[in-house]
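Counting from 1, the numbers follow the sequence of the chain as shown. Here the structure is a predicted model, which is why all the values come from computation and not from measurement.
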Amino acid sequence: MEVEIVKNKKKFKWTYEKTILTPYIILLLVLILIPMILIFFYSIIDQESELPIYTITFKNYITFFNNQSATKALLKSILLAIISTVFCVIFAYPISYFIARRSPKTQATLILLVTAPMWVNMLLRTMAVKQIFEGPLLTLLRKLHILGETDKILGSYFAVVFGMVYNYLPYMILPIYTTLSKLDEKLIEASTDLGASKGQTFRRVIMPLSIPGVLSGVTIVFLSAATTIVISKYMGDGKFVLIGNIIETEFITNSAWGNGSAISMILLVIILLILWFTNKATKKAGGDE
């Protein structure tokens, strides 16, 4: 009798979980899986064919790899994403550590200040920074003779990287803060009791345990920076064409869905590889083999 009750409970629990997951599965199919299948389909068909049956071809992929400007844009996107991610880690870690060491009430206030800019549309934030760069800041730098009368800040590597760091820094702070705030204080106390200095405790206890949060932040920031459209368009002042801009141009301006889909699939493979390596690194850092 008891065994039957347990079985019934397990069956009810499984059915309940399945019911809860149903809306998510539907959204996953409609908003992610089906669009990705369509993008892959468009990437391998010949749109110039007049036959009712589409011709399977890989010329869209070959066109991308033969296009030096497109491959350079991809490499530039990855380079700028790496630079922006490094700066985000450098700035985010001390901020996250400072917040995590405060009282719970102070932590809530500081996290609110960190996340407040995220409530504003990304385009508006980027346009605000653009106005500062081509207005007050540019005037100041010219008066200090750091820039010439014809020089601009917009269109430089500094402007694009600054825009990426400014927009994506909160996405680095939050996962690092979450990891640091959950550290067991007993481990830090044990390190101190064993004679370790604050620096040694930080290097040998706190930093290694916070690596999963850092890797999570790195994944979010890198992928966002590598696929950005808004930042490169407005902070680049038309001089920076990244892979996101090329995809947008192929789909919207050129109506070349095949080329745009092929580039999207190539970018997707790169992203999946990065996620796979990051996941492996996170498991290794967490001791989960």
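- Listed by first and then second residue, the side chain to side chain donor-acceptor pair (under 3.5 Å) pairs that reach into residues 109-125 are Arg125-Asn167, sequence neighbours excluded.
- Of the possible polar contacts, one joining the Thr139 side chain to the Gly135 backbone as a donor-acceptor pair under 3.5 Å is found.
- Side-chain heavy atoms closer than 4.5 Å link hydrophobic residues (I, L, V, M, F, W, Y) into clusters, and following such links, even through other members, never connects Ile99 to Leu112.
- For Thr106, the side-chain hydrogen bond (donor to acceptor under 3.5 Å, both in side chains) criterion is met by Ser103, not counting sequence neighbours.
- Under the rule for a side-chain hydrogen bond (donor to acceptor under 3.5 Å, both in side chains), Ser84 has no partner lying at least two apart in sequence or in another chain.
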Anything under 3.5 Å between a donor and an acceptor, one on a side chain of residues 199-208, the other on a protein residue two or more places apart or in another chain? List them.
| residue | atom | partner | partner atom | Å |
| --- | --- | --- | --- | --- |
| Gln200 | OE1 | Ser197 | N | 3.0 |
| Thr201 | OG1 | Ser191 | OG | 2.9 |
| Thr201 | OG1 | Ser197 | O | 2.9 |

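- You'll find the side chain of Phe158 reaches within 4.5 Å of the side chain of Phe133, heavy atoms only.
- Residues meeting the salt bridge (charged side-chain N to carboxylate O under 4.0 Å, His left out) test with Lys233, sequence neighbours left out: Glu248.
- Ring-plane geometry between Phe162 and Tyr166 is classed as parallel, the angle between the planes falling under 30 degrees on a 0 to 90 degree scale with a further cut at 60.
- When all heavy atoms of Asn60 and Ile44 are compared, the closest pair comes out as ND2-N, 4.4 Å.
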Cut-off 3.5 Å, no hydrogens considered: what does the side-chain donor-acceptor table look like for residues 235-246, sequence neighbours left out?
| residue | atom | partner | partner atom | Å |
| --- | --- | --- | --- | --- |
| Asn245 | OD1 | Ser232 | OG | 2.6 |
| Asn245 | OD1 | Leu242 | N | 3.0 |
| Asn245 | ND2 | Ile229 | O | 3.3 |
| Asn245 | ND2 | Ser232 | OG | 3.3 |

Contacts under 3.5 angstrom, residues 31-38 side chains, donor-acceptor by atom type, not counting sequence neighbours:
none

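- Here the CD atom belonging to Gln107 is positioned 10.0 Å from the CG atom belonging to Leu180, to the nearest 0.5 angstrom.
- No donor-acceptor pair closer than 3.5 Å links the side chain of Ser261 to the backbone N or O of Phe40.
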Please output the side-chain donor-acceptor pairs of residues 140-147 that fall under 3.5 Å, not counting sequence neighbours, one pair per line with the distance.
| residue | atom | partner | partner atom | Å |
| --- | --- | --- | --- | --- |
| Arg142 | NE | Gly148 | O | 3.3 |
| Arg142 | NH2 | Glu149 | O | 3.0 |
| Arg142 | NH2 | Asp151 | O | 2.7 |

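- Applying the side chain to side chain contact (heavy atoms under 4.5 Å, CB included) test to Ser264 and every residue at least two apart in sequence or in another chain returns Ile39, Ile247, Phe251.
- By the 4.5 Å heavy-atom criterion applied to side chains, Asn254 and Asn259 are not counted as neighbours.
- Summarising the geometry, atom CG belonging to Leu169 is positioned 9.5 Å from atom CG belonging to Leu174; distances are rounded to the nearest 0.5 Å.
- Residues meeting the side chain to side chain contact (heavy atoms under 4.5 Å, CB included) test with Ile270, sequence neighbours left out: Leu74, Ile266, Ile274.
- Leu183 contributes atom CG, which lies 8.0 Å from atom CZ of Arg101 (distance to the nearest 0.5 angstrom).
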Evaluate the side chain to side chain contact (heavy atoms under 4.5 Å, CB included) criterion for residues Thr179 and Val214: first the C-alpha distance (whole Å), next the side-chain angles of each, then the deciding distance (0.1 Å), finally the verdict.
-> CA-CA 8 Å; Thr179 305; Val214 174; over 6 Å; no
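- Leu275 and Val269 fall into different hydrophobic clusters, where Ile, Leu, Val, Met, Phe, Trp and Tyr residues are linked whenever their side-chain heavy atoms come under 4.5 Å apart, directly or through other members.
- There is no path of hydrophobic side-chain contacts, each under 4.5 Å, that joins Met118 to Leu123.
- Although no hydrogens or angles enter the test, the distance criterion places a donor-acceptor pair under 3.5 Å between the side chain of Ser181 and the main chain of Thr178.
- Hydrophobic clustering (side-chain heavy atoms under 4.5 Å, transitive across Ile, Leu, Val, Met, Phe, Trp, Tyr) keeps Ile62 apart from Ile263.
- Side chains of Ser210 and Tyr93: a donor-acceptor N/O pair is present below 3.5 angstrom, by distance only.
- Put simply, NZ on Lys130 and CD1 on Ile153 are 13.0 Å apart, with the number rounded to the nearest 0.5 Å.
- Residues in residues 69-83 take part in these side chain to side chain donor-acceptor pair (under 3.5 Å) pairs, two or more places apart or across chains: Asn67-Ser69.
- Using the six-membered ring where Trp is involved, Tyr171 and Tyr168 have ring planes that are tilted, between 30° and 60° apart.
- Closest approach of Met172 to Val221, counting heavy atoms only: CE-CG2, 3.8 Å.
- Between the CG atom of Leu154 and the CD1 atom of Ile132 there is a distance of 11.0 Å, given to the nearest 0.5 Å.
- Distance check: Tyr177 OH to Leu110 CG gives 9.0 Å after rounding to the nearest 0.5 Å.
- Phe65 and Ile271 fall within the same hydrophobic cluster, defined by Ile, Leu, Val, Met, Phe, Trp and Tyr side-chain heavy atoms under 4.5 Å apart, directly or through other members.
- The two residues Met265 and Ser43 make their nearest non-hydrogen contact at CG-OG, 4.0 Å.
- Think of Leu124 as one node in a network of Ile, Leu, Val, Met, Phe, Trp and Tyr side chains linked at under 4.5 Å; its network also takes in Val120.
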